[in-house]
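Here's the structure, in structure tokens; my notes come after.
Letters go in sequence order (proteins before strands), and every chain restarts at 1.
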Amino acid sequence: MPSADSSDEPASFFLTTPIYYVNDAPHIGHAYTTVAGDVLTRWHRQRGERVHFLTGTDEHGTKVERTAQAAGVSPQEWCDRLVEDSWKPVLRTVDAANDDFIRTTEPRHEKGVQRFWEVLREAGHCYASTYEGPYCVGCEEFKLPGDLLEGGLCPVHGTPVEMLSEENWFFRLSAFSEALLAHYEANPTAVQPESAYNEVVSFIKQGLQDISMSRSSVAWGVPLPWDASQVVYVWFDALLNYATAVGFGTDDERFAQTWPADVHLVGKDILRFHAIYWPAMLLAAGLPLPRQVFAHGWLLVGGEKMSKTKLTGIAPSAIVDHFGSDAFRYYFLRAIPFGSDGSFSWEDMSARYKSELADQFGNLASRLTSMVERYRDGVLPAPVPNEQLSAALQQAASDADTAIDVLDLQSAINAAMGFVRTVNNYVTETEPWKLAKDEARAGDLDAVLYCTAESLRAAAVLLNPVIPKACSVLWSSLGAEAQLGPISEQRVDQVARWGQLPAGARVTKSDPLFPRLDELSDAGGRETAPGG
RNA sequence: GGGGAGGUAGCUCAGCCGGUCAGAGCAGCGGACUCAUAAUCCGUCGGUCGUGGGUUCGAGCCCCACCCUCCCCA
């Protein structure tokens with residue numbers, strides 16, 4: 001994305017996760033999206049761009065209302081509790097540095113939602129009509145055809161649903177088929193990966209139907225400004241968070257500066273809402289469309305999609321408590337091509353932790369820092385050039401940066417880790433421990449130690465978006481902090497400039513970056529066993 | 001019911017428009033080395049490419065049928 005801007009203003013990058021349904025129990029699927037967004041935004045920050053990373057919670061709807069009632073509290077109290085006790089802690093668990101957290105029950109959101117639909121209604125994009133659909137009396141709500149069990153039974157009650165109708169307001173979605181198609185034909189990367197793009201385009205080609213955007217049977221929601229008997233249907237409320245969070249309806253100037261989003265990260269299950277309904281809403285309002293909707297795959301456990309009901313939902317903390325947040329972040333992005341489904345297993349997680357994080361990366365840091373301490377009293381020798389390592393670094397940095405542009409997080413990580421491999425190889429081949437035994441070769445030893453340290457400096461910068469805690473420790477351990485400033489301010493577009501670590505930097509051996517862990521107890525155990 | 005994705009070494013996966021395409025990483029095995037978190041480096045074993053047909057001089061790669069998994073729509 002070359003920004004043709006000639007100004008000195010740093011590019012801005014606005015990225016979102018979906019807002020998570022507050023009533024769900026947070027599992028690793030939610031954390032996966034959040035982590036991917038966090039890594040992307042950290043990378044963009046290290047490009048020197050102004051970044052805005054948004055996440056939040058979706059809090060309206062009958063289900064919330066009902067569970068709150070069952071718990072004997074108001075829906076608002078119920079949401080407050082879930083947000084504070086369940087959702088915000090997940091961000092800390094996975095070490096996510098979001099810039100904002102929007103809740104759909106906040107005034108800034110509700111105001112924006114009302115403003116938005118008011119605009120659409122005035123522009124003639126809404127009309128009253130009758131909605132008819134399968135309705136479960138037990139749930140007191142309409143179901144989507146896809147929600148029903150075999151034979152048209154309610155998935156909650158297992159009882160037959162009835163066809164019921166109510167007066168609703170409709171959004172003229174059908175009016176935007178052409179415009180959406182034209183947009184996607186002109187912007188083939190606006191929905192990624194390609195399979196998602198194809199799905200969206202063929203769905204639009206089937207013809208879009210107007211869609212009910214309000215509900216009269218629900219109380220916990222944003223009231224329509226012109227019809228207080230109805231609330232905005234939860235999706236048409238939730239999607240607007242991306243706009244209301246950056247000022248739509250409350251701070252027009254800020255909104256104009258920030259919108260549109262560069263990337264909406266979504267799970268493939270909610271692709272249609274983001275790639276069809278949402279852009280159509282924006283077209284209706286005359287607003288710019290998001291530059292890209294990226295649909296990532298499912299996390300599978302034991303070959304099955306995770307779900308709360310099947311007990312396959314794993315809490316992020318279950319993994320982080322054992323492996324740490326860095327390993328969590330690393331594993332899911334490294335092991336699974338972003339955009340594809342991927343399987344999680346404790347075995348694979350353990351194997352990658354050990355082989356890649358501990359043995360390849362962590363151990364390289366140990367090798368270098370021990371040798372500098374042992375052979376040079378912890379004082380880094382003077383910079384010397386190194387063709388081979390410079391070239392490898394240049395390539396890795398460029399490959400990683402290119403990969404990030406297309407959200408290929410796996411390749412970005414592989415590029416950095418490939419460089420780590422090169423450096424391990426370099427150390428083995430140059431045999432500094434032998435040089436150390438020969439006074440006459442002190443200069444050669446200096447060179448090897450410097451080149452290895454300088455390579456680690458670069459590796460730390462490149463991996464910092466993914467494993468920030470470990471890289472920060474390494475950064476200090478290399479004595480880089482004092483000379484070069486905080487690692488988070490190191491630019492990825494400058495990382496390949498050789499010779500940044502200065503002579504005399506204080507190198508100290510730290511605790512292992514990724515210590516060996518105890519074997520996980522009982523084979524295949526833990527709470528991951530697909531519980532019968 | 002319609003549409004789509006996928007089934008390739010023990011594991012996770014690459015294989016673009018058919019002709020060194022039978023590959024990588026991990027695991028396993030053997031060797032080198034000792035700075036290091038028993039780490040590193042090198043070498044190596046390993047697959048009738050879901051099943052059955054077909055097209056072709058030649059097919060994981062094309063066609064048909066079937067089996068299995070998953071997704072979307074109805």
Side-chain angles (χ1 to χ4, degrees), chain A residues 133-134 144-148 150 152 191 193-209 267-273 275-276 295-307 331-332 334-337 339-376 408 410-411 413-414 417-418 420-437 445 448-449 452-453 456 470 473-474 477 507 509-518 524:
Chain A
L144 297 173
D147 289 341
L148 300 179
E150 293 290 320
V191 177
E194 202 181 321
S195 54
Y197 174 86
N198 292 336
E199 201 173 300
V200 166
V201 168
S202 61
F203 186 85
I204 299 172
K205 281 183 176 164
Q206 287 170 29
L208 300 177
Q209 315 252 311
K268 62 184 184 182
D269 52 329
I270 53 175
L271 175 63
R272 216 172 66 231
F273 297 99
I276 295 174
H296 69 248
W298 298 121
L299 257 34
L300 309 175
V301 176
E304 283 188 49
K305 182 191 161 192
M306 283 191 309
S307 76
Y331 175 77
F332 288 103
R334 163 66 183 84
I336 302 166
S340 304
D341 290 352
S343 317
F344 167 84
S345 73
W346 290 95
E347 291 76 13
D348 191 40
M349 171 107 209
S350 286
R352 286 192 193 276
Y353 176 92
K354 180 177 183 306
S355 140
E356 299 177 23
L357 290 175
D359 296 351
Q360 287 178 276
F361 182 60
N363 183 54
L364 176 60
S366 288
R367 302 177 84 182
L368 179 271
T369 52
S370 312
M371 288 193 284
V372 176
E373 281 197 342
R374 184 193 288 214
Y375 303 142
R376 292 295 179 263
D408 184 354
Q410 185 186 47
S411 294
I413 293 173
N414 285 348
M417 289 303 284
V420 168
R421 193 182 278 266
T422 299
V423 180
N424 263 318
N425 206 340
Y426 167 79
V427 174
T428 301
E429 282 175 357
T430 52
E431 301 182 310
W433 49 92
K434 285 190 180 166
L435 301 176
K437 289 174 182 154
L445 176 58
V448 170
L449 294 178
T452 306
L456 271 169
V473 171
L474 174 56
S477 173
V507 176
K509 182 157 180 153
S510 66
D511 289 338
L513 264 26
F514 295 95
R516 289 181 68 76
L517 299 173
D518 294 336

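A 4.5 Å side-chain heavy-atom check between A:S477 and A:K509 finds every atom pair outside the cut-off. Side-chain atoms of A:T369 and A:E373, non-hydrogen and from C-beta on, never get closer than 4.5 Å to each other. Within the 4.5 Å cutoff, the side chain of A:R516 has heavy atoms near those of the A:K354 side chain. A 4.5 Å side-chain heavy-atom check between A:Y353 and A:Y331 finds every atom pair outside the cut-off. In this structure, the side chains of A:D359 and A:L364 stay at 4.5 Å or more apart for every pair of heavy atoms. Side-chain contact between A:T452 and A:M371 is absent, with no heavy-atom pair separated by less than 4.5 Å. In this structure, the side chains of A:V427 and A:W433 come closer than 4.5 Å at one or more pairs of heavy atoms. Annotation: side chain of A:I336 is not in contact with side chain of A:F344 (no heavy-atom distance under 4.5 Å).
Distance check on atom P: B:rC35 versus B:rA27 gives 24 Å, rounded to whole Å. Rounded to whole Å, the separation between the P atoms of B:rG60 and B:rG53 comes to 15 Å. Between the C1' atoms of B:rC70 and B:rU34, the separation comes to 49 Å (whole Å). B:rA22 sits 15 Å from B:rG47 when the P atoms are compared, rounded to a whole Å. Straight-line distance between the C1' atoms of B:rG6 and B:rA74: roughly 23 Å, to the nearest whole Å. Taking atom P in both B:rC49 and B:rC11, the straight-line distance is 16 Å, to the nearest Å. Here the separation of B:rG46 from B:rG10, taken at their C1' atoms, is 9 Å to the nearest Å. The separation of B:rC26 from B:rC66, taken at their C1' atoms, amounts to 34 Å, rounded to a whole angstrom.
The nearest whole Å value for the distance from the CG atom in A:L364 to the P atom in B:rU34 is 18 Å. Atoms CZ (A:F273) and P (B:rC72) sit 11 Å apart, rounded to a whole Å. Distance, A:R367 CZ to B:rA36 C1': 6 Å, rounded to whole Å. Between the P atom of B:rA24 and the CD1 atom of A:I413 lies a distance of 23 Å, rounded to the nearest Å. Atom CZ of A:R516 is separated from atom C1' of B:rU40 by 14 Å (rounded to the nearest Å). As a whole-Å value, the separation of A:L299 CG from B:rC70 P is 16 Å. Rounded to an integer number of Å, the gap from A:L456 CG to B:rU37 P is 15 Å. Distance, A:M417 CE to B:rU40 P: 11 Å, rounded to whole Å.
Nearest heavy-atom pair across A:A365 and A:L456 is CA-CD1, 3.8 Å. The minimum heavy-atom distance linking A:A196 with A:A295 is given by the pair CB-CB, 4.2 Å.
Across B:rA39, B:rU40, B:rC71, the shortest atom-to-atom separation from the side chain of A:N424 is found for B:rU40. The side chain of A:W298 lies closest to B:rC71, out of B:rC71, B:rA38, B:rC41. Of the candidate nucleotides B:rU37, B:rC33, B:rC41, B:rC33 has the atom nearest to the side chain of A:K434. Comparing atom distances between the A:D341 side chain and each of B:rA36, B:rC42, B:rC70 picks out B:rC70 as nearest. Of the listed nucleotides (B:rA36, B:rU40, B:rC33), B:rC33 has the atom at the smallest distance from the side chain of A:W433. For A:N425, whose side chain is taken as the heavy atoms from C-beta onward, the closest listed nucleotide among B:rU40, B:rC42, B:rA38 is B:rC42. The side chain of A:M371 lies closest to B:rC35, out of B:rU34, B:rC35, B:rU37. Distance from the side chain of A:S370 is smallest to B:rC35 among B:rA39, B:rC35, B:rC26.
Not one N or O on the side chain of A:S411 forms a donor-acceptor pair closer than 3.5 Å with the backbone of A:D408. Judged purely by atom type and a 3.5 angstrom limit, A:D341 has no side-chain atom pairing as donor or acceptor with the backbone of A:G297.
Base contact: A:L513 has a heavy atom under 4.0 Å from a base atom. As judged by a 4.0 angstrom heavy-atom cut-off over every strand, A:Y375 is placed among residues touching the sugar-phosphate backbone only. Within 4.0 Å of A:K509, counting heavy atoms only, lie sugar-phosphate atoms of the nucleic acid but no base atom.
When each of A:Q360 and A:V427 is assigned the nucleotide of RNA chain B with its nearest heavy atom, A:V427 is the one assigned upstream, toward the 5' end. Each of A:R421 and A:L357 lies near RNA chain B, and the nucleotide nearest A:R421 is the one positioned closer to the 5' end.
A close approach under 4.0 Å does occur between a side-chain nitrogen or oxygen of A:K354 and OP1 or OP2 of B:rA39. For A:R374, a side-chain nitrogen or oxygen approaches OP1 or OP2 of B:rA36 to under 4.0 Å.
In this model, no side-chain donor or acceptor of A:D359 finds a partner on the base of B:rA39 within 3.5 Å.
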Bracket string, RNA chain B, 5' to 3' - pairs by Watson-Crick or G-U geometry under 3.5 Å, | interstrand
(((((((..((((.........)))).(((((.......))))).....(((((.......)))))))))))).
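With its glycosidic angle within 90° of 0, B:rG60 adopts the syn conformation.
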Distances under 3.5 Å between nitrogen or oxygen atoms of protein and nucleotides 9-12 of chain B:
none

